[in-house]
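In what follows, a structure is listed as structure tokens, so that the remarks can point back to it.
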Amino acid sequence: MNVTKKTIIGFLFCIIPLGISAQDYVSKVWISDLGNGNYKNPVLYADYSDPDACRVGDDYYMTASSFNCIPGLPVLHSKDLVNWTIIGYAINKMPKDASFGKGVNHGGSVWAPAIRYHKGEFYIYYGDPDLGIFMTKAKDPAGEWEPLTLVKEGKGLIDACPLFDDDGQVYLAHAYAGSRAGIKSLLAVTRLTPDGKKAVGESKIIYDGHDIDPTIEGPKFYKRNGYYYIFAPAGGVATGWQLAMRSGDIFGPYERKVVMDQGKTVINGPHQGAWIDTKTGEDWFLHFQDVGAFGRVMHLQPMIWKNDWPVIGEDKDGDGCGNPVLTYKKPNVGQAYPVATPPESDEFNSNTLGLQWQWHANPQSWWYFTNQEKGCLSLYSVPVADDYKSLWDVPNLLLQKTPAPAFIATVKLTFRPDARFYGERTGLVVMGIDYGLLSFENTENGFILSQNEYINAEKGNKEVVNESITMKDSTIYLRVKVVADATCIFSYSTDNKRYTDLGKSFKAKEGKWIGSKIGTFCTRPVLKNDGGRVDIDWFRITE
């Protein structure tokens, strides 16, 4: 099936700057395809946490956790499992009961999803740890998805995955979040109605991992050769292993086997993902690796079946448990496809917002204007909350995933504050539990550019100014250089030729269940009738 790019949900659309199509965009900082028939891991050096995927004909579709970031549930497409592009999102706004007011629901909302194709429609299920298990579906994965349906209400129900059985029955596997349910390390299965929209009866626990597989979660449901299979990670995000379980009865009992672990490799905690096959008969496995500040990046592993058990990665000692690979021959999908990567840089020359961008919480439609005539993105200043402490809880941060272990991000902007009051500001931010930024603020003394940092945001500390200078011009170039240990060096320029470092180096930190993100914002300290704005000419990611 060849799905073309279409208009997607709500007010967000797919663009790539300078007239380059999404399928043709090539990153300047991370390419997995080595161009010689091989690839390197990770195939996506970006925070696509808890990936799941399905194949439809010659096309592969993937989704991932999005937590508090909106739009949510990214939908990516590939022809060869190595080169991926973003084609849309399944959620353009969280439902009212999941928005948690005007603030940011850090670490909440959209946890590990599953995507499946059934009778001409795509289904995505995910668990909201505070509300229950939700589902949405679409005929075109790049098109508009149905409004969310609450499939099973319950606090702590997470990591949902459906199975459409051969006899027309529909089932759902899920896990439990200990922070909400008061119990974890359990997997359960429940029946669903034939349309997949409602749970029928109570869930039945089918596996207890407390003794040998602590923190088992993230189940993925399959059927093969008469066996029901549940693939699931255990042992914790950064340190765990990948399990496969099988049974002749969907409600068990299930046998278990460790089918991939770190072994002697440098790839820690290789687990949680999707089994994918090709039309040529090959099997592959997508999973994440937790790399700290850069989030959970996505790897691709070869997979084979032995005695009706999967073996993932390379099994050099023949014990049936594989280890992850760093480089490998690309999947045989019948033909070669060009290099493609998710978009990063943005020239803002379109009347739609690029799919690399997400807000930090539910957005309002007036927060931005894609001004195609002027070739810029206008962000209007949004009043901060009365109890404002820091950007950590500001919803109108426009951010994208960090795209590589080392890169430079530069933004050109013109600040146009409201003349009636002071305190409006914009800037360039690297956001996480700790965050660092270049803050460009309109004050009684004119424009002040400062390099600030905020350490341990969850504890409500104050933003610290490391260095500040007065600027005359409202147009400025802001830059951050990020190196492999997540150290960030901030600088600025007035001509995009000579850059001057400002402040001190900052060590990026992951957010709540997400990697650090990078982007911009525009805020004001008062609620007034109207406010100022920042016009962003371009945002570029380079080596």
Side-chain angles (χ1 to χ4, degrees), residues 27-30 45-47 106 238 266 290-297 344-345 360 389-394 397-413 415 425-441 447-471 476-512 514-521 523 536 538-543:
S27 172
K28 294 181 178 180
V29 294
W30 188 265
Y45 207 110
D47 185 44
H106 292 287
V266 297
D290 188 321
V291 290
F294 299 105
R296 302 176 189 179
V297 299
E344 298 153 357
S345 298
H360 217 36
K389 293 180 180 179
S390 73
L391 291 176
W392 172 252
D393 286 317
V394 167
L397 305 182
L398 186 64
L399 308 172
Q400 63 171 280
K401 304 175 190 298
T402 50
F407 63 94
I408 294 173
T410 309
V411 59
K412 179 186 178 183
L413 58 83
F415 194 20
R425 70 169 181 162
T426 183
L428 176 65
V429 61
V430 179
M431 175 55 57
I433 292 177
D434 297 347
Y435 71 75
L437 78 151
L438 288 173
S439 170
F440 196 38
E441 183 175 349
F447 292 123
I448 300 295
L449 176 66
S450 61
Q451 190 274 309
N452 304 359
E453 66 181 12
Y454 189 83
I455 305 301
N456 209 338
E458 289 185 298
K459 290 190 175 180
N461 298 327
K462 289 186 177 181
E463 195 173 290
V464 175
V465 177
N466 291 325
E467 185 180 0
S468 63
I469 56 173
T470 301
M471 304 294 294
I476 194 169
Y477 301 83
L478 305 179
R479 171 173 287 181
V480 61
K481 179 181 180 180
V482 182
V483 298
D485 68 348
T487 295
C488 304
I489 301 167
F490 292 93
S491 60
Y492 70 95
S493 175
T494 57
D495 59 7
N496 198 29
K497 295 178 181 178
R498 180 178 177 271
Y499 279 82
T500 302
D501 291 349
L502 188 68
K504 64 181 185 178
S505 63
F506 163 79
K507 195 72 172 286
K509 189 78 176 288
E510 64 274 8
K512 193 68 176 290
I514 63 175
S516 57
K517 303 190 78 173
I518 188 167
T520 187
F521 63 95
T523 60
I536 304 171
W538 45 257
F539 184 98
R540 294 171 183 165
I541 300 289
T542 56
E543 291 184 297

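Positions are given from 1, in the same order as the sequence printed here. What you see is a predicted model; the values in this text were computed from it and never measured.
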Which atom pair, heavy atoms only, marks the closest approach of [X] to [Y]?
| X | Y | result |
| --- | --- | --- |
| P405 | W30 | CD-CE3, 3.8 Å |
| T410 | I408 | OG1-CG2, 3.8 Å |
| K497 | S493 | N-OG, 3.6 Å |
| V483 | F294 | O-CZ, 3.9 Å |
| C488 | V480 | CB-CG2, 3.6 Å |
| I541 | P403 | CG2-CG, 3.9 Å |

Measuring only between side-chain heavy atoms, which start at C-beta, is [X] closer than 4.5 Å to [Y]?
| X | Y | value |
| --- | --- | --- |
| D434 | K507 | no |
| L428 | I518 | yes |
| T500 | R498 | yes |
| L391 | Y454 | no |
| H106 | D393 | yes |
| L437 | L478 | no |
| R479 | N496 | yes |
| Q400 | E344 | yes |

**Report entry** Partners passing side chain to side chain donor-acceptor pair (under 3.5 Å) against Y435 (at least two apart in sequence or in another chain)
**Finding:** E463
When rounded to the nearest 0.5 angstrom, what is the spacing between [atom1] in [X] and [atom2] in [Y]?
| X | Y | atom1 | atom2 | result |
| --- | --- | --- | --- | --- |
| Q451 | I469 | CD | CD1 | 11.5 Å |
| E467 | L502 | CD | CG | 4.5 Å |
| F407 | T542 | CZ | OG1 | 10.0 Å |
| T520 | L413 | OG1 | CG | 6.0 Å |
| D290 | E510 | CG | CD | 7.0 Å |
| N456 | S390 | CG | OG | 11.0 Å |

Requested in this report: Decide whether S345 and R540 meet the rule of one side-chain donor and one side-chain acceptor closer than 3.5 Å.
Outcome: no
Query raised in the report: Which is it for Y45 and V291 under the side chain to side chain contact (heavy atoms under 4.5 Å, CB included) test, yes or no, and what are the steps along the way?
Result: CA-CA 10 Å; Y45 207 110; V291 290; 4.3 Å; yes
Just by distance, do the side chain of [X] and the backbone of [Y] share a donor-acceptor pair under 3.5 Å?
| X | Y | result |
| --- | --- | --- |
| S516 | A293 | yes |
| S450 | N452 | no |
| N466 | K504 | no |
| D47 | R296 | yes |

**Report entry** Criterion side chain to side chain contact (heavy atoms under 4.5 Å, CB included) on F521 and V394, from CA distance to verdict
**Finding:** CA-CA 9 Å; F521 63 95; V394 167; 5.7 Å; no
Requested in this report: Let me see the working for W392 and M431 under side chain to side chain contact (heavy atoms under 4.5 Å, CB included), right down to the final yes or no.
Outcome: CA-CA 8 Å; W392 172 252; M431 175 55 57; 4.1 Å; yes
**Report entry** Under the ring pair (Phe, Tyr, Trp, His ring centres under 6.0 Å) test, residues paired with F506 that sit two or more places apart
**Finding:** none
Query - Test ring pair (Phe, Tyr, Trp, His ring centres under 6.0 Å) applied to Y477 - qualifying residues, sequence neighbours left out - result: W538
Query raised in the report: Should the pair F440 and F415 be assigned to parallel (<30°), tilted (30 to 60°) or perpendicular (>60°) ring geometry?
Result: tilted
Query raised in the report: Can you check side chain to side chain contact (heavy atoms under 4.5 Å, CB included) on V429 and L399, steps first, answer last?
Result: CA-CA 9 Å; V429 61; L399 308 172; 3.9 Å; yes
**Report entry** Exceeds 12 heavy-atom contacts within 6.0 angstrom, atom CD of E458
**Finding:** yes
